2 protein chains.
Amino acid sequence: MARKPALDPLLLGNQICFAVYSTAHAFNRVYKPLLDKLGLTYPQYLVMMVLWERDGVPVKDIGEKLFLDSGTLTPLLKRMEAANLIKRTRSTQDERQVLIALTPQGHALKEKARAVPEGILASSTCSVGELLAMKNELVALRDKLNAALGE
Amino acid sequence: MARKPALDPLLLGNQICFAVYSTAHAFNRVYKPLLDKLGLTYPQYLVMMVLWERDGVPVKDIGEKLFLDSGTLTPLLKRMEAANLIKRTRSTQDERQVLIALTPQGHALKEKARAVPEGILASSTCSVGELLAMKNELVALRDKLNAALGE
DNA sequence: CGCGATTTAATTGTATGCAATTGATTAGGA
DNA sequence: TCCTAATCAATTGCATACAATTAAATCGCG
């Protein structure tokens, strides 16, 4: 007897990974008009959040927080430098490192960015509590997946 | 008095979108070694799942199921055709459409792919029930986000 | 029937992402 | 100290993604 179709693990609709993948894209589309007003892409917005929290950090630290490597970050940061949002300076303590610091414009952008999370919350039609619960579940799953990679 | 830091909506760790984004990347890394054995990338694997479920569909249908447009799909499908997994044929009924059909190799790949979901499940260290619950929550969120875009 | 609006893929340009390699710098052990 | 290993950013090559435009085909209204 055949497996129940609803449980077929090769059906698109049954895969959590596709649910995550397609939700990420949906978020991207919702963020787009909000971030366009700030002149940022979503990954650039992530970098700005790291820097608003702690300024003057090496590329590696940003990469660890965002799970991105230098192959992605180097060109992205160069574009942000060209947009006058950040400044890239090779560290004098350790010349292997490049430190990323906000410009005054980059720092000032935080005020305009405060409207972004509100817009996202409104589009989600969810309560803060629901979103927080899902966020915690996702982070737990992500950490388990990343742990499985290190074995 | 300042807002409690733990509730600051501009902190990376408080954002569900970053949780989704970073979980999607974690999934990608876990899928990579499994899909390498099949000679597929993750988006190509998604296309194969659509075709294993229903063969001979136009590009537009694939795009609607995967939330991808022709700008992404056209070159991706050309690479899959070059790899002898699919065949692209302009429809005789409606010459605007290009129909995507599996080759025998593409059809046969489904058997090798059955091992993939098991590997993912193992890496997640979660029960099927937990994953199913999260999947349903994510799909509901995704659909709400997409609905908000159409307004 | 005729013709403008719509639909469908393809194309162009920009921005991620990641694997693999490179080059410069620093760390650490014999 | 010297020399090898490790670290860090940059680079190269390939594969998504998406906005905007284009071109061909079809639809649908008058």
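As the structure is a computational prediction, the values presented were derived from the model and not from experiment. Here is how names work: the chains are called A, B, and so on, in the same order as the sequence lines, proteins then strands, and each is numbered from 1.
- For the pair B:R88 CZ and C:dA9 P, the computed distance is 10 Å after rounding to whole Å.
- We find that CG of A:L77 is positioned 16 Å from P of D:dC8, with the value rounded to whole Å.
- Contact check for B:R88 versus B:I100: side-chain heavy atoms found under the 4.5 Å cut-off.
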Could you tabulate the donor-acceptor pairs under 3.5 Å formed by side-chain atoms of residues 137-150 of chain B, not counting sequence neighbours?
unit_1, atom_1, unit_2, atom_2, d
B:R142, NH1, A:S22, OG, 2.7
B:K144, NZ, A:T125, O, 3.1
B:N146, OD1, A:R29, NH2, 3.4

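- Of the residues in residues 19-45 of chain B, B:T41, B:P43, B:Q44 come within less than 4.0 Å of DNA chain D through at least one heavy atom, sorted by number.
- Near-neighbour residues of DNA chain D inside residues 58-75 of chain B, defined by a heavy atom below 4.0 Å, number-ordered: B:F67, B:L68, B:D69, B:G71, B:T72.
- Contacts between residues 90-100 of chain A and DNA chain D, defined by a heavy-atom separation under 4.0 Å, are made by A:R90, A:R96, A:Q97, A:V98.
- Within the 4.0 Å cut-off from OP1 or OP2 of C:dT16, not a single side-chain nitrogen or oxygen of A:K78 is found.
- Shortest non-hydrogen contact noted between B:L76 and B:P43 is CD1-CB, 3.7 Å.
- Judged as a side chain to side chain contact (heavy atoms under 4.5 Å, CB included), and not counting sequence neighbours, the contacts of B:P117 are A:P9, A:L10, A:Q15, B:Y45.
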Side-chain donor/acceptor pairs under 3.5 Å, residues 59-67 of chain A, sequence neighbours excluded:
unit_1, atom_1, unit_2, atom_2, d
A:K60, NZ, A:E64, OE2, 2.4

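- Aromatic pair A:Y42/B:Y21: ring centres closer than 6.0 Å.
- Distance alone, capped at 3.5 Å, places no donor-acceptor pair between the A:S91 side chain and the A:Q97 backbone.
- Between the CZ atom of A:R79 and the C1' atom of C:dT16 there is a distance of 7 Å, rounded to whole Å.
- A distance-only check finds a donor-acceptor pair linking the side chain of B:W52 to the backbone of B:G106 [under 3.5 Å].
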